[in-house]
**Q** 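Supplied in structure tokens, the structure appears directly below.
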Amino acid sequence: MPEPGPGEVLLKIGGAGACHSDLHLLEAPAGSTSFTLPFTLGHENAGWVEQMGPGATGFAPGDPVIVYGPWGCGLCMNCRQGMENYCETPGKPSPGGLGGTDGGMAEYLLVPSTRYLIPLGSLDPREAAPLTDAGLTSYHAVKRSVHLLGPGSFAVVIGAGGLGQMAIQVLKALCSATTVVAVDTSPDKLEIAKTMGADEGLISGEVAVKRIKDMTRGRGAEVVLDFVGIDPTLTMAAQVSRVLGHLTIVGLGDAAVPVNFNSPAKECSVASPFWGSIPELIEVIELAQTGKIKMLVEHFTLDEAAHAYDRLHDGKIAGRAVVTPNG
Ligand code: NAD
Ligand code: ZN
Ligand code: ZN
């Protein structure tokens, strides 16, 4: 059990979500990453305060909290605005569970500062954990485009897995007038997407492109969110994006979308957001507390964590796999 140092907090883990980014890490070719192995995975964490380090204040043992994941320096301009996901200080600490720092797939997690803890209120940490990445990343990706999504608008969500399902719910919560189209290779995921508010579910590929063009009277969608990021999905995303729209790449599929004068559509902005800010996480928790968003969660013991990743790899996790090291 780690000992919290000055200002740190020791958290008893309730749930640690298994993100597809962990699979990208696990599958990275040997030598292609810069961090030192081994370290503990788990960057989507929630639990209960176990012990406050010397000088840490504001929380008490037993408090249910969720952990903001992208830890920064806390002092640069972006960090001071709560955007530690875009910390610009060289040599900043890496987020727990990514980049070599121990994460939450363990009984206990050391959190470097109380500013990363958001109270969960009545939410159960075992259910809520994915809100801090699947929820927050999707929320941030949608929120920057909300002004485009008025009546008559269309939003396309490519990849209706953990993040995509959250994006669909966030779109419905923030932009109730927009038509949400989910695109996936799995019919099961499309069925789940519809239960979460998607107006249409389409199998990924040329037929989906044609259907979206038809639905939008040839214009394309105001916002296209790609939660996969491979060649076929980015090609599709560029084909169905509208003039003055947003093409947002969230998936780490490592492909590229050519941008030139003719494609994507004129003045369509291409962006690649990473995670989200601390104030946005507070807003995500508000949405969850009021029942407007809810992650579809499947629980695994710590011993079953590797099995959970195998299932995620095989596309067999319906929503999010969450490891519960303390039962
Ligand atoms: P997931 O495995 O839960 O979901 C991926 C979904 O994509 C699945 O439903 C799968 O069926 C679908 N899919 C696969 N190939 C497809 C295709 N060709 N067309 C349409 N759908 C397809 O993964 P996740 O945890 O939701 O993560 C999604 C992506 O987002 C991953 O690449 C992950 O690394 C990335 N990610 C990015 C950030 C960020 O800050 N940008 C944060 C977290 C995760
Ligand atoms: Zn993640
Ligand atoms: Zn910083």
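Everything quoted here is computed from the prediction, not taken from an experiment. Counting convention: from 1, in listed order, for ligands and their atoms alike.
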**Q** Strictly under 2.8 Å, is any N, O or S atom of C19 next to the Zn ion (ligand 2)?
**A**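 Within the cut-off used here (under 2.8 Å), C19 does place an N, O or S atom near the Zn ion (ligand 2).
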**Q** Would a hydrophobic clustering, with Ile, Leu, Val, Met, Phe, Trp and Tyr connected at side-chain separations under 4.5 Å, put L10 with I118?
**A**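 As far as the 4.5 Å side-chain criterion goes, I118 and L10 are not connected within one cluster.
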**Q** State, without any angle test, whether S145 and H246 hold a side-chain donor-acceptor pair at a distance under 3.5 Å.
**A**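 Result is yes, a qualifying pair exists.
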**Q** So, E84 versus Y68: side-chain donor-acceptor pair below 3.5 Å or not?
**A**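 Per modelled atom types, E84 and Y68 side chains form no pair under 3.5 Å.
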**Q** Around the Zn ion (ligand 3), what protein N, O or S atoms are found below 2.8 Å?
**A**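 Under 2.8 Å from the Zn ion (ligand 3) - ignoring waters, which are not counted - the protein N, O or S atoms are C73 SG, C76 SG, C79 SG, C87 SG.
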**Q** Does a side-chain N-to-carboxylate-O contact under 4.0 Å join E200 and K194?
**A**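 No, no charged N to carboxylate O under 4.0 Å.
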**Q** Check each protein residue for a heavy atom under 4.0 Å from ligand 1 and list those that pass, ordered by chain and number.
**A**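 Answer by chain and number: C19, H20, S21, H24, D133, T137, I158, G159, A160, G161, G162, L163, V183, D184, T185, K189, S204, F227, V228, I230, T233, V250, G251, L252, P273, F274, W275, L312, R320.
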**Q** Can you tell me how the ring of H20 sits relative to the ring of H24, calling it parallel under 30°, perpendicular over 60° and tilted otherwise?
**A**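 H20 and H24: tilted rings.
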**Q** Quick check against the 3.5 Å criterion: does N326 have a side-chain atom that pairs as donor or acceptor with the backbone of E107?
**A**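 Checked: pair present.
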**Q** Please tell me whether T101 and S94 have a donor and an acceptor in their side chains that are separated by less than 3.5 angstrom.
**A**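 Yes, S94 and T101 have a side-chain donor paired with an acceptor closer than 3.5 Å.
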**Q** Whether D199 and K172 form a salt bridge (side-chain N of Lys/Arg under 4.0 Å from carboxylate O of Asp/Glu) is what I want to check.
**A**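 Result for this pair is yes, salt bridge flagged.
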**Q** Could you grab the distance from atom CD1 of I285 to atom CD1 of I66, nearest 0.5 Å is fine?
**A**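 CD1 of I66 is found 4.0 Å from CD1 of I285.
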**Q** Should we count NZ of K266 as having more than 12 external heavy atoms under 6.0 Å?
**A**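 More than 12 heavy atoms, drawn from other residues, nucleotides or ligands, come within 6.0 Å of this atom.
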**Q** With the Zn ion (ligand 2) at the centre, find the angle made by NE2 from H43 and OD2 from D133, to 10°.
**A**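 Nearest ten degrees: 100°.
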